[in-house]
Amino acid sequence: MFSVFVPSESSLKKAAVTDPSALPDNAVWVDLVNPSSAEDRAVEQLAGIAVPTREDMQEIEISSRLYIENGARYLTATLMCHSDTDMPRTTAVTFILAGHRLVTVRYDQPRPFAVVEAKLARSCAPGITGEMVLMELLDAVIDRCADILERVGADIDQVSHEIFEPNNERHGHAKQYSQILIAIGRKGDLTSKVRESLVSIGRLVTFLSAVVEGVKWSKDMREQLKTMQRDVASLTDHASYLAGKITFVLDAMLGVVNLEQNNIIKLFSVMAVVLMPPTLIASIYGMNFKSMPELEWAHGYPMALVLMLICAIVPYYIFKLKKWL
């Protein structure tokens, strides 16, 4: 599937193309989503480029992600997808600048694409080019990463509050701790994916800044690239900070779980010590030897019960005085 966008007055309109071989010459942006072989060949003929395969896009070497071939600039970045769900993932997206036309190749639905498409359909600068569309897409991707990190930060603050300042008495500790640990794990996974995306975007923007030195880009676009570099650097630092905070919260949560387990073990230990003397007394008088004078006492049974009670109370008060309870 692919979409073609052509300039129309002060907006960018999606052109209805049913035949891949009949792409309009004035297309500014060609968006390939899960492209077929016929669509790849049609775009290659129109733009004079080689469309990379999905396997090529997943290469992690810088030379395979950022390069120039036959005058076209190939830029592959890792973008976030489905970040609002419980199963966020990343996907490789390739941006190809051939002349003043932009070709994007992707196999998923990152939200910035829909945002930019809707924005440019409403209004865009006159004489829009593929470079301008690319800048809009990168700006939307960076904004999206910032929004995700803001949400992760707020969620981690809430989790931290639940750990250190619980509002109510906890009920069902094991279940609540399990939910908190799952939440921490998901936020950690999401943060690591955002950081991976930011690192790839940072490399892309740096490469783009280097290759535009010999290209006639406007001063505003060059300044926008520098601003993007600063934004990506600051967001990467913030993602690292959140990763450290998540590690701290996870360690704190495990510490709380250990304290709860220690309290349970301490309770069992105290109960064992408190019940040990009464058990000893009961076992002595349960031996049934014939030469045990206490067995003939009329008040032997109540005296044994009182003795067991005293032996249970004394250790309890000793623990209370030593503040072990």
Side-chain angles (χ1 to χ4, degrees), residues 1 31 33-34 54-55 57-58 60 76-94 104-119 137-202 204 231-232 234-258 260-261:
M1 182 178 72
D31 185 24
V33 183
N34 293 309
R54 189 170 191 174
E55 290 73 20
M57 294 167 60
Q58 292 174 341
I60 62 174
T76 301
T78 302
L79 305 187
M80 288 294 306
C81 287
H82 309 286
S83 59
D84 295 330
T85 67
D86 292 336
M87 296 294 293
R89 61 174 180 264
T90 57
T91 182
V93 177
T94 297
T104 54
V105 186
R106 54 194 176 98
Y107 292 86
D108 215 317
Q109 302 289 339
R111 182 172 295 183
F113 280 78
V115 172
V116 171
E117 180 181 340
K119 178 182 177 181
L137 286 171
L138 292 179
D139 192 47
V141 168
I142 295 172
D143 287 345
R144 179 62 177 164
C145 289
D147 293 340
I148 297 173
L149 290 179
E150 288 174 3
R151 190 177 73 247
V152 169
D155 292 342
I156 290 299
D157 287 340
Q158 180 62 33
V159 171
S160 178
H161 179 76
E162 292 177 1
I163 295 173
F164 297 110
E165 301 177 10
N167 293 327
N168 316 352
E169 187 68 22
R170 288 194 177 103
H171 297 286
H173 291 197
K175 182 177 181 180
Q176 183 178 15
Y177 292 157
S178 176
Q179 292 174 349
I180 292 176
L181 288 173
I182 291 173
I184 294 174
R186 285 175 176 170
K187 299 309 172 186
D189 178 62
L190 181 58
T191 302
S192 66
K193 285 181 168 58
V194 174
R195 192 173 187 280
E196 176 189 0
S197 178
L198 286 170
V199 169
S200 70
I201 295 169
L204 186 153
D231 289 344
V232 170
S234 63
L235 289 176
T236 303
D237 292 340
H238 189 65
S240 300
Y241 159 74
L242 285 179
K245 188 173 182 179
I246 289 171
T247 301
F248 165 75
V249 172
L250 177 59
D251 292 340
M253 184 69 250
L254 295 177
V256 170
V257 172
N258 287 333
E260 291 287 345
Q261 291 176 341

### Query
Would you say the side-chain atoms of T236 pair up with the backbone N or O of V232, donor to acceptor, closer than 3.5 Å?
yes
### Task
Indicate yes or no: at least one non-hydrogen side-chain atom of I201 is less than 4.5 angstrom from one of L79.
yes
### Query
Do the side chains of L190 and R151 get nearer than 4.5 Å, heavy atoms only?
yes
### Task
Carefully, step by step, assess L149 and L198 under the rule side-chain contact (heavy atoms from CB on, under 4.5 Å).
CA-CA 11 Å; L149 290 179; L198 286 170; 4.1 Å; yes
### From I163 atom CD1 to I184 atom CD1, the distance as rounded to the nearest 0.5 Å
4.5 Å
### K193/D189 salt bridge by N-O under 4.0 Å criterion
yes
### Query
What distance separates M253 CE from S178 OG, expressed to the nearest 0.5 Å?
10.0 Å
### Query
Do the side chain of N258 and the main chain of L254 share a donor and acceptor less than 3.5 angstrom apart?
yes
### Query
Backbone N or O of K187 within a donor-acceptor pair of the T191 side chain at under 3.5 Å?
yes
### Task
Could you pull out the closest heavy-atom pair between V105 and M57, with the gap in Å?
O-CE, 3.2 Å
### OH on Y177 to CD1 on I182, rounded to 0.5 Å
15.0 Å
### Interatomic distance, I148 atom CD1 to M80 atom CE [nearest 0.5 angstrom]
4.5 Å
### Message
Looking at every heavy atom in both R111 and R144, which two are closest together, and how far apart are they?
### Response
NH1-NH1, 3.4 Å
#### Entry: For the student: nearest non-hydrogen atoms of A140 and V116, plus distance
CB-CG2, 3.6 Å
### Query
Out of curiosity, T91 OG1 to Q58 CD, how far, rounded to the nearest 0.5 Å?
8.0 Å
### Query
With side chains defined as the heavy atoms from C-beta onward, is the minimum distance between L138 and L204 less than 4.5 Å?
yes
### Message
Using every non-hydrogen atom in the two residues, find where A183 and V159 come nearest and quote the distance to one decimal.
### Response
CB-CG2, 4.4 Å
## Note on the structure
Interatomic distance, CG@L242 vs CD@E150, rounded to 0.5 Å, equals 10.5 Å
### Side-chain touch V33/Q109, heavy atoms, less than 4.5 angstrom
yes
#### Entry: Donor on one side chain, acceptor on other, T94 and T76, under 3.5 Å
yes
